[in-house]
Q: 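One structure follows; several queries about it will come next.
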Number of protein chains: 2
Amino acid sequence: MHIVLHNEAPVSRPAAVRCAQCAFRELCLPESLSDGEVNRLEQLIGRRRRVLRDDVLFRAGATGGMLFAVRFGHFKSVQRDRRGVEHITGFQMAGDMLGIDSIGTGQHASTVIALEDSEVCEISYEKLQDLLAEMPRLMAHFHRILGREILREQGVMGMLGNIRADQRLATFLLDLGERYASRGYSSRSFQLRMSREDMGAYLGLTIECISRQLATFRRHGWIALDKRAIELIRRDALVAIAEGLQPDQPHDARAA
Amino acid sequence: MHIVLHNEAPVSRPAAVRCAQCAFRELCLPESLSDGEVNRLEQLIGRRRRVLRDDVLFRAGATGGMLFAVRFGHFKSVQRDRRGVEHITGFQMAGDMLGIDSIGTGQHASTVIALEDSEVCEISYEKLQDLLAEMPRLMAHFHRILGREILREQGVMGMLGNIRADQRLATFLLDLGERYASRGYSSRSFQLRMSREDMGAYLGLTIECISRQLATFRRHGWIALDKRAIELIRRDALVAIAEGLQPDQPHDARAA
DNA sequence: CGGTCCCTTGAATATCATCAACGTAAGTGG
DNA sequence: CCACTTACGTTGATGATATTCAAGGGACCG
């Protein structure tokens, strides 16, 4: 029962494929829905939407009400503070949900931009509500999605709170790996879909700092890096760094 | 229609008072519920629960499933990372909801501790679900609460991301003031219910840094401070600091 | 009175941001 | 194919900023 997927951008699937056959079904649908229930949900799902690299899926301040499930590709969610500095609140990949930040206010709080050519399913929150009322398991699942998002953000808050640049970066890389693993990709070797600048805007660091930390990781042999292709060679070391167990130098840096 | 409340800990209200008369109704209930609907919700609400200062309302890892609405008092939500460092994910006051971080997993993600003698209403998420399915407006309201929490955490992430200690602290103080204002208290003058250490654990700063920044704010006359009583004297200056418009010295610090 | 908790302040250090220069790869147009 | 440009990334030098370590003050309590 292993999902076999390629790490490269999947080829476009025929439009006739629907939720029941979708490779990401377990990510965006509750496992416990009957076929009939899945059918009803499918009728709510609007068109697929292709989003090209650097295109905006929706913009902060725009009227919300639409939810999106990522079918393939990668996105970043960007918020701009008062003085124009951009912060990235998250990176989304296949199976992740977009647009839930508009539920409270009816307006999107962040601008979502595709990091590569991508595709999403579109669903109206208003119509979804009716279905949630009829299908308790779907409602519970929807709440789990919202709860997961709250937990994810709490984790990011903890990461940004206190720790050094190397810890943030190690945490970020390990987290990315785990997310790929849960989608059937390799957790050890993958492409960084975002620029160094994006990583910095997410981790609260400058681009130079990101670059230096990556260089340090590579110098120690924790990772291999070629442009945006990364391999986590020594996960144990990254975990140790992430936990702050080591200042920076494990054995050679000062002795050299 | 102004809510008049004291900034000191309110006296205990008789147990017979229910949601319909609750001073915080508009915070925890949708405005649009009929009396009958409010009645049905009230029947779900379990006992009130008093929580004394420093007592634990619930602990990270404990089985979730219970939601809490703060009636009066203040709480902090604490998460402990791998190496034992505590991060505070939020401070909750009257009308705020606690326990929603257990919705996704069934387990609480944070430990919630009372900062002073407090009281909460208790409601079972499982029972609430049944009602949500029957009452669309209640469901929409519940989603708004979850959405607000997501937005709040995004704001904190932005704050922790990039900015200097003085900006974080100014943002924090202004936010506290706004929250009191929305509850009918003064936004200008209030008690800090948490220790300097707690503020640091929330803002990602050390206790010494908090102390120094507060001293700087006071030296410049932005705030008045006596132990935990604070007055925001020059809100405009704090806003400017929060937005990063000034490095630190407005007119006198270097000239002196 | 002695002790604890919370807070403040000072001095030294570590860490990250900033400024600046340079490198590399991809694309454009001749 | 070769300048030229642009976007992205790397590296070094310097300085700002927060942490760490250390000491002490003040309130509260037994």
Side-chain angles (χ1 to χ4, degrees), chain A residues 53-54 76 83 85-88 113 115-116 159-172 191-219 223-230 241 244 246-249 253-254, chain B residues 53-54 76 83 85-88 113 115-116 159-172 191-219 223-230 241 244 246-249 253-254:
Chain A
R53 182 191 161 120
D54 292 330
K76 62 176 175 181
R83 65 189 187 291
V85 180
E86 288 193 343
H87 295 277
I88 292 182
I113 298 173
L115 294 172
E116 61 184 341
M159 181 175 69
L160 295 177
N162 225 331
I163 65 182
R164 289 190 315 268
D166 56 348
Q167 297 177 257
R168 297 188 200 191
L169 185 58
T171 304
F172 175 66
Q191 289 281 334
L192 297 167
R193 299 315 213 289
M194 69 295 294
S195 68
R196 306 285 194 268
E197 190 171 9
D198 286 341
M199 293 169 62
Y202 179 66
L203 296 172
L205 300 169
T206 59
I207 180 176
E208 295 97 330
C209 187
I210 298 286
S211 187
R212 276 187 252 268
Q213 294 298 335
L214 284 172
T216 303
F217 286 3
R218 185 175 43 186
R219 196 178 322 121
I223 64 172
L225 186 64
D226 177 29
K227 310 195 184 185
R228 294 191 180 179
I230 192 169
I241 291 290
Q246 326 218 20
D248 194 44
Q249 300 83 344
R254 189 166 26 207
Chain B
R53 182 191 160 121
D54 292 330
K76 62 176 175 182
R83 64 188 189 291
V85 180
E86 288 192 342
H87 295 276
I88 291 181
I113 297 173
L115 293 172
E116 61 184 340
M159 181 175 69
L160 295 177
N162 226 332
I163 64 182
R164 291 191 314 270
D166 57 347
Q167 295 177 258
R168 299 189 198 192
L169 185 59
T171 304
F172 175 67
Q191 289 282 333
L192 296 167
R193 299 317 214 288
M194 70 295 293
S195 68
R196 305 287 193 268
E197 191 170 8
D198 285 340
M199 293 169 62
Y202 179 66
L203 296 173
L205 300 169
T206 59
I207 179 174
E208 295 96 329
C209 186
I210 298 287
S211 188
R212 275 187 255 267
Q213 294 298 336
L214 283 172
T216 302
F217 285 5
R218 186 175 42 187
R219 197 176 322 120
I223 65 171
L225 187 65
D226 178 28
K227 309 195 186 185
R228 294 192 178 178
I230 191 169
I241 291 290
Q246 327 218 16
D248 194 45
Q249 299 83 342
R254 190 167 24 205

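Order of the sequence lines fixes the chain letters, A, B, ..., with proteins taken first and strands second; residue numbering starts at 1 for each chain.
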Q: Just the rounded figure in Å: distance from C1' of D/dA16 to CD of B/Q167.
A: 13 Å
Q: Quick one: does B/F217's side chain get under 4.5 Å of B/L225's, heavy atoms only?
A: no
Q: Ignoring hydrogens and angles, answer whether the base of C/dC19 and the side-chain atoms of A/E208 contain a donor-acceptor pair closer than 3.5 Å.
A: yes
Q: Whether the side chain of A/R212 and the base of D/dG9 hold a donor-acceptor pair under 3.5 Å is what I'd like checked.
A: no
Q: Could you tell me whether A/G200 contacts a base, only the sugar-phosphate backbone, or nothing, with contacts defined as non-hydrogen atoms closer than 4.0 Å?
A: nothing
Q: Expressed in angstrom and rounded to an integer, what is the separation of B/I210 atom CD1 from C/dC7 atom C1'?
A: 12 Å
Q: Measure the distance from CG on A/L205 to P on D/dT17 and round it to the nearest whole Å.
A: 17 Å
Q: How long is the span from the CG atom in A/L205 to the CD atom in A/Q213, to the nearest 0.5 Å?
A: 7.5 Å
Q: Answer yes or no: does a side-chain N or O of A/S211 lie under 4.0 Å from OP1 or OP2 of D/dG9?
A: no
Q: Given D/dT19, C/dT9, C/dC16, which nucleotide is nearest the side-chain atoms of B/A215?
A: C/dT9
Q: When the distance from CZ of A/R53 to P of C/dG27 is rounded to whole Å, what number comes out?
A: 10 Å
Q: Would you kindly give the CZ-to-C1' distance between B/R219 and C/dT8, to the nearest whole Å?
A: 12 Å
Q: Could you work out which one of D/dA18, D/dG9, C/dA17 sits closest to the side chain of A/S195?
A: D/dG9
Q: CE of A/M199 to SG of A/C209: how many Å apart, nearest 0.5 Å?
A: 10.5 Å
Q: If you check the B/K227 side chain, which of D/dC28, D/dA18, C/dC16 turns out closest?
A: D/dC28
Q: Rounded to whole angstrom units, what separation is found between the CD1 atom of B/I163 and the C1' atom of C/dC16?
A: 16 Å
Q: Taking CG from A/L169 and P from D/dG9, how many angstroms apart are they, rounded to a whole number?
A: 13 Å
Q: Please determine, for the side chain of B/L225, which listed nucleotide (C/dT8, D/dA27, C/dT15) has the closest atom?
A: C/dT8
Q: What is the separation between atom CE on A/M199 and atom P on D/dC8, rounded to the nearest whole Å?
A: 15 Å
Q: D/dA18 phosphate, OP1 or OP2: any side-chain N/O from B/Q213 under 4.0 angstrom?
A: yes
Q: Please confirm whether the backbone N or O of A/I163 pairs with a side-chain atom of A/R168, one donor and one acceptor, at under 3.5 Å?
A: yes
Q: Going by modelled atom types, is there a donor-acceptor pair between the base of D/dT17 and the side chain of B/R168 at under 3.5 Å?
A: no
Q: What I want to check is whether an N or O donor and acceptor connect the side chain of A/R228 with the base of D/dG9 at under 3.5 Å.
A: no
Q: For the pair B/S211 (side chain) and B/I207 (backbone), establish whether a donor and an acceptor sit closer than 3.5 Å, ignoring hydrogens and angles.
A: no
